[in-house]
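Note that this is a predicted model, so its numbers are computed, not measured. Naming convention: chains lettered A, B, ... in sequence-line order (proteins, then strands); numbering from 1 in each chain.
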Protein chains: 2
Amino acid sequence: MFGQIMNTKLPPRTVERLSKYRRLLDKYKGLDEAHIYSHKLAGLLNLTPEQVRRDLMLIGLTGNHRKGYNIKALIGIIGNTIDRQEGQQVALVGIGNLGKAVLGFIRKAETRMNIVAAFDIDRNKINTHIAHVPCFDIQEAKQVIREKNIRIAILTVPPEVAVSTTTLLLQSGIRGILNFTSVHLDVSPDIYLKDYDIITSLEEIGFFIK
Amino acid sequence: MFGQIMNTKLPPRTVERLSKYRRLLDKYKGLDEAHIYSHKLAGLLNLTPEQVRRDLMLIGLTGNHRKGYNIKALIGIIGNTIDRQEGQQVALVGIGNLGKAVLGFIRKAETRMNIVAAFDIDRNKINTHIAHVPCFDIQEAKQVIREKNIRIAILTVPPEVAVSTTTLLLQSGIRGILNFTSVHLDVSPDIYLKDYDIITSLEEIGFFIK
DNA sequence: TGAGCAATGTGAAAAAAATAACAGTTGTTT
DNA sequence: AAACAACTGTTATTTTTTTCACATTGCTCA
Ligand SMILES: NC(=O)c1ccc[n+]([C@@H]2O[C@H](COP(=O)([O-])OP(=O)(O)OC[C@H]3O[C@@H](n4cnc5c(N)ncnc54)[C@H](O)[C@@H]3O)[C@@H](O)[C@H]2O)c1
Ligand SMILES: NC(=O)c1ccc[n+]([C@@H]2O[C@H](COP(=O)([O-])OP(=O)(O)OC[C@H]3O[C@@H](n4cnc5c(N)ncnc54)[C@H](O)[C@@H]3O)[C@@H](O)[C@H]2O)c1
C-alpha cells in the first residue's frame with residue numbers, strides 16, 4: 001500500500017531518526033493536518049530540513065512540493081521499512097528497580113516492540129505478571145525464548161551475572177541486546193548490541209558544557 | 001603531574017571512549033600490570049587498536065613502544081582532560097521508579113559525577129534521603145541548584161511535566177541534561193542535551209538484526 | 001496564463017569518524 | 001652488535017554523515 005520495502009542498507013542514524021519521526025507523528029495522526037513540511041519536522045526534532053528530506057528520500061518517500069509529506073504515508077513507509085512483518089518480540093531479563101521501570105514505561109508507550117516475557121531468579125516474581133508481562137524463571141529462558149520467537153533482550157540483571165546471562169541468551173537465539181548493566185559484553189559481530197551507559201553519558205555532558 | 005590539560009576540541013565519540021577506558025582501567029589499577037597495549041584495550045571494548053591509539057594521541061598521551069601505555073598515567077590524563085577541577089555536581093529530577101533505580105546505580109558506581117540533590121513534588125519524598133542523596137521540593141530547585149553549583153540534571157519526571165521542568169532547570173543554571181522522558185526538549189544550542197530513548201533503541205536493534 | 005513563491009529531490013562538497021599503512025622506537029635474541 | 005619482533009605515533013585514505021546549493025515542481029493569484 002505505501003510503496004515497497006526498501007531493504008537497501010540504511011545508515012544507523014537514519015534508522016534512529018525514522019523511529020523518532022514516526023513516534024512524533026503518531027501523535028499528529030488524524031488530528032491536525034494531513035501533511036507536514038520537512039522544516040516543520042526538523043524544527044520539532046532539532047534537525048535540519050535537508051537531513052529530514054534525505055532520510056525520507058532514502059526510504060523512497062516522496063512529498064508534495066507544495067504541501068510537504070503526507071503524514072499517513074510517512075508513518076506507513078517508515079513501518080514498512082523498520083518493522084518486521086511478523087512483529088518483534090522482546091524479553092526483559094532482570095526484574096529489579098530498573099527492569100520494572102522499563103516494563104512500565106514500554107507498556108505505556110505506543111510501540112511495535114512487544115515485551116512478551118520477563119525473566120528473573122526471584123521466586124516471588126516468577127509466575128506473576130508485572131505490567132501485564134508474564135515473568136518466568138531464567139532457567140526456562142531457552143524454551144520460552146524459542147516458543148515465543150523472541151530475538152531481542154533488555155538486560156537489567158546485576159552486573160555480576162551480566163556475562164553469564166548474556167551467554168545463555170545468545171544460546172537461546174537472542175540476536176540483539178539492549179544492555180543496561182554497564183558491563184562490557186563481548187559478542188560476535190552479528191549480534192547487535194547497544195549499551196546504555198549513564199556514567200559515560202554524564203561524563204560526556206560534563207565535558208561539553210565546559 | 002600527568003601532562004597538561006588539552007582543551008583542544010575533542011570529538012564527542014572520543015570523549016565517550018575516554019570515559020570508558022578510564023572506567024575499565026580503574027578496575028585494573030594497582031592489581032595487574034602497570035601497562036596496557038592498545039590492542040588489549042581495544043579488545044576489551046570491541047574497538048580497533050588504531051582508534052585507541054588515536055584517542056590517546058588526541059589527549060597527548062604517549063605510550064612506551066615496548067610496554068604500551070602506563071595505566072596510571074592514562075587514568076590521570078583522562079581525568080585532566082574530561083573532569084572539571086572543581087568537580088561536577090548533578091541533580092536528579094523526578095524520584096520515581098526510574099529515578100530511584102538511577103540513584104541507586106550511580107551511588108554504587110565509582111564516578112566523578114556527584115549526585116548531590118534530588119527533586120520531586122511528592123511530600124513523602126521531600127526532605128528525606130534516598131540512596132544518601134537529599135531530596136528537595138522542586139519549588140526549591142532554583143536556590144538549591146545555585147547553592148550547590150549544579151550544572152547537570154538527570155530528568156526522570158513524568159512526560160507531562162518534562163517541558164515545564166526543563167524550563168525551570170534552565171532558568172536555574174543547568175547547562176546539561178540527560179533526558180529520560182522520551183519527550184522532545186527544545187533547548188538552545190549551548191545546552192548539552194542527551195536523550196535516552198528506549199523505544200528508538202529497540203527499533204534500531206530490531207532493524208539491524210534482520 | 002504565467003510570474004512568483006515555497007516547497008521538494010538530489011548531486012556535490014564538506015566535515016567527521018574510522019581504518020589502513022607504515023616509519024620509528026625499544027627491547028630481545030642470537 | 002646486527003637482525004628481529006612487537007609495539008607506538010602519525011600521515012594518508014576511506015567511509016560515513018551532514019550540509020550546501022540549486023534545479024524542479026505544484027500551487028496561488030493577479
Ligand atoms: N545503565 C544505567 O543507567 C543503569 C541504571 C540503573 C541500573 N543499572 C544496572 O542495571 C542492572 C539492574 O539494576 P537494578 O537497580 O534494577 O538492580 P536490582 O538488583 O534491583 O535488580 C536486579 C534483578 O535481577 C534479578 N536477577 C539476579 N540474577 C539474575 C539472573 N541470573 N537472571 C535473571 N535475573 C536475575 C534479581 O532478582 C533482581 O530482580 C544493574 O546491572 C545495574 O548496574 C544501570
Ligand atoms: N527512556 C526510558 O528508557 C524510560 C524508561 C522508563 C521511564 N521513562 C520515563 O521516565 C520518566 C519517569 O518514569 P518513572 O517510571 O520513574 O515514573 P514515575 O511516575 O514512577 O516517577 C515520576 C516521579 O516524578 C515526580 N514528579 C511529578 N511531577 C514532578 C515535577 N513537576 N517535578 C519534579 N518531580 C515530579 C513524581 O512524584 C514521581 O516521583 C517518565 O517520563 C517515563 O516516561 C523513560
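One interatomic measurement links the two molecules: NZ of A:Lys9 to C1' of D:dT16, which rounds to 9 Å at whole-angstrom precision. Taking atom CE of B:Met57 as the reference point, atom C1' of C:dA17 lies 13 Å away to the nearest angstrom. What separates CD of A:Gln51 from C1' of C:dA15 is a distance of 13 Å, to the nearest Å. Counting to the nearest Å, the P atom of C:dT8 and the CG atom of A:Leu61 are 11 Å from each other. To the nearest angstrom, C1' of C:dG9 lies 15 Å from NE2 of A:His39. The distance between atom CG of A:Leu10 and atom P of D:dT16, rounded to the nearest whole Å, is 13 Å. Rounded to an integer number of Å, the gap from CG of A:Leu18 to C1' of D:dT17 is 14 Å. Nucleotide D:dT18 holds its C1' atom 15 Å from the CG atom of A:Asn46, rounded to whole Å.
At least one donor-acceptor pair under 3.5 Å links the side chain of B:Asn179 to the backbone N or O of B:Thr181. Formation of a donor-acceptor pair under 3.5 Å by the A:Asp83 side chain with backbone atoms of A:Gly87 is not found in this model. Between the side chain of A:His132 and the backbone N or O of A:Arg107, no donor-acceptor pair lies under 3.5 Å.
Contact check on B:Lys194 versus B:Glu16 returns a salt bridge, with a Lys/Arg side-chain nitrogen under 4.0 Å from an Asp/Glu carboxylate oxygen.
The side-chain heavy atoms of A:Val93 and A:Ile154, taken from C-beta on, include no pair separated by under 4.5 Å. At least one side-chain heavy atom of A:Leu74 sits under 4.5 Å from a side-chain heavy atom of A:Leu56. A:Leu10 is listed as a side-chain neighbour of A:Leu18, based on a closest heavy-atom distance under 4.5 Å.
For A:Asp55 and B:Tyr37, each mapped to the nucleotide of DNA chain D holding its nearest heavy atom, the one lying further toward the 5' end belongs to B:Tyr37.
With hydrogens and angles left out, the side-chain atoms of A:Asp197 and A:Ser182 include no donor and acceptor closer than 3.5 Å. A donor atom on one side chain and an acceptor atom on the other are found under 3.5 Å apart for B:Asp55 and B:Tyr21. If you check the side chains of A:Arg23 and B:Thr200, you find a donor sitting under 3.5 Å from an acceptor.
Heavy atoms of B:Ser38 sit under 4.0 angstrom from primed sugar atoms or phosphate atoms, though from no base atom. Backbone-only contact: B:Thr62 has heavy atoms under 4.0 Å from sugar-phosphate atoms and none from a base.
Put simply, B:Thr48 has no side-chain N or O that comes within less than 4.0 Å of OP1 or OP2 on C:dA18. For D:dG9, the OP1/OP2 oxygens have a side-chain nitrogen or oxygen of B:Tyr69 closer than 4.0 Å.
In the displayed structure, A:Gln139 atom CD is contacted under 6.0 Å by at most 12 heavy atoms of other residues, nucleotides or ligands.
Checked against the 6.0 Å centroid criterion, the rings of B:Tyr196 and A:Tyr196 qualify as a close aromatic pair.
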Report all interatomic pairs (protein N or O, nucleotide N or O of nucleotides 12-15 of chain D) with separations under 3.5 Å.
residue: D:dA12; atom: N6; partner: B:Arg54; partner atom: NH2; Å: 3.0

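Within residues 195-205 of chain B, no residue approaches DNA chain D, by heavy-atom distance under 4.0 Å.
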Seminar exercise, completed: Protein-proximity profile, nucleotides 21-30 of chain C, B/S/- by nucleotide at the 4.0 Å heavy-atom cutoff, equals B--BBBBS--

